[in-house]
Amino acid sequence: MIDLAAKFETALPYEAFLQRHGSVEHRARWAAAFDQIRLTDEQSKLLAGFARQVNVLCLAGAWCGDCVHQCPILQHFSQISKKIDVRFVDRDADADLASELRICGGGRVPVAVLMSEDFAECGRFGDRTLARYR
């Protein structure tokens, strides 16, 4: 089993991830998606009220269309709550993590692993959202 805490420590914050792994075009697409996101007051209040640390490790690709639509939302969450720390890993740059986070036998992105303050895994979410299939 892979050490998710160690992977989290070497993972990159949002902007650093995009600078390292995204082209100018990729960064522009992510920025456009980020600017379109609007959380409701109720959602913001809920996120701001988190009392315990949540560490989110997101396996992504700056080139990935699904990541463009989903990962900026995670960044919004982390900006609203100081208790949410989101870090990103490029799927193609970390074969071990990509293998560990396969979904239905495939190397999908994005995959987000939610962990407690002591890096115990709480949930794993990935692939396309149902709304994208519709």
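Remember, it's a predicted structure, so these values are computed and weren't measured experimentally. Hydrogens, waters and symmetry mates play no part in the numbers below; they use all other heavy atoms, side chains included.
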* When hydrophobic residues are tied together by side-chain contacts of less than 4.5 Å, even through go-betweens, does Met115 share a cluster with Val89? -> yes

* Return each pair, listed once, that meets salt bridge (charged side-chain N to carboxylate O under 4.0 Å, His left out) where at least one residue sits in residues 9-19; pairs must be two or more places apart or across chains. => none

* Look at the side chain of His76 and the backbone N and O of Ile73, then say whether any donor-acceptor pair between them is shorter than 3.5 Å. => no

* Kindly say whether Gly61 contributes a backbone atom to a donor-acceptor pair with the side chain of Arg91 at under 3.5 angstrom? => no

* Structure fact -> Between the CG atom in Leu57 and the NZ atom in Lys7, the distance rounded to the nearest 0.5 Å is 9.0 Å

* To do: Scan residues 86-106 for pairs that pass ring pair (Phe, Tyr, Trp, His ring centres under 6.0 Å), counting only residues two or more places apart or in two chains.
  => Tyr14-Phe88, Phe17-Phe88

* Asked: Thr40: what forms a side chain to side chain contact (heavy atoms under 4.5 Å, CB included) with it, not counting sequence neighbours?
  -> Glu42, Gln43

For residues 96-107, please give each side-chain donor-acceptor pair under 3.5 Å, one per line with the distance, not counting sequence neighbours.
unit_1, atom_1, unit_2, atom_2, d
Arg102, NE, Gly105, O, 3.2
Arg102, NH2, Gly105, O, 2.3

* Asked: Of all heavy-atom pairs between Gln75 and Ser78, which one has the smallest distance, and what is that distance?
  -> O-OG, 2.9 Å

* Can you find a heavy atom in the side chain of Val54 that is under 4.5 Å from one in the side chain of Phe77? -> no

* **same_hphob_cluster(Val56, Phe125) at 4.5 Å side-chain heavy-atom cutoff** => yes

* Structure fact -> Between Ser116 and Asn55 the two heavy atoms that sit nearest each other are O-ND2, 3.0 Å

* Which heavy atom of Val109 sits nearest a heavy atom of Cys64, and at what distance? -> CG2-SG, 3.6 Å

* **By salt bridge (charged side-chain N to carboxylate O under 4.0 Å, His left out) - contacts of Asp90 (at least two apart)** => none

* ILVMFWY cluster, Leu74 and Val68 together (side-chain gap under 4.5 Å) -> yes

* Sequence neighbours left out, what passes side chain to side chain contact (heavy atoms under 4.5 Å, CB included) with Asp3? Give chain and number order. => Ala5, Ala6

* Mind checking what makes salt bridge (charged side-chain N to carboxylate O under 4.0 Å, His left out) contact with Arg108, not counting sequence neighbours? -> Asp127

* To do: Name all pairs fulfilling the ring pair (Phe, Tyr, Trp, His ring centres under 6.0 Å) condition that reach into residues 89-120, sequence neighbours left out, sorted by first residue then second.
  => Phe8-Phe119

Only pairs under 3.5 Å count here: list side-chain donor-acceptor contacts from residues 28-39, not counting sequence neighbours, and write none if there are none.
unit_1, atom_1, unit_2, atom_2, d
Trp30, NE1, Ala62, O, 3.0
Arg38, NH1, Asp35, O, 2.5
Arg38, NH2, Asp35, O, 3.2

* Quick one: side chain to side chain contact (heavy atoms under 4.5 Å, CB included) partners of Ala16, sequence neighbours excluded? -> Leu12, Pro13

* Asked: Which pairs with one or both residues in residues 111-123 pass salt bridge (charged side-chain N to carboxylate O under 4.0 Å, His left out), sequence neighbours excluded?
  -> Arg52-Glu117, Glu121-Arg124

* To do: Start with the C-alpha gap between Phe50 and Ile84, add the side-chain angles, then the distance that decides, and say whether side-chain contact (heavy atoms from CB on, under 4.5 Å) holds.
  => CA-CA 8 Å; Phe50 278 26; Ile84 301 173; 3.8 Å; yes

* Structure fact -> Applying salt bridge (charged side-chain N to carboxylate O under 4.0 Å, His left out) to Lys83 and not counting sequence neighbours gives none

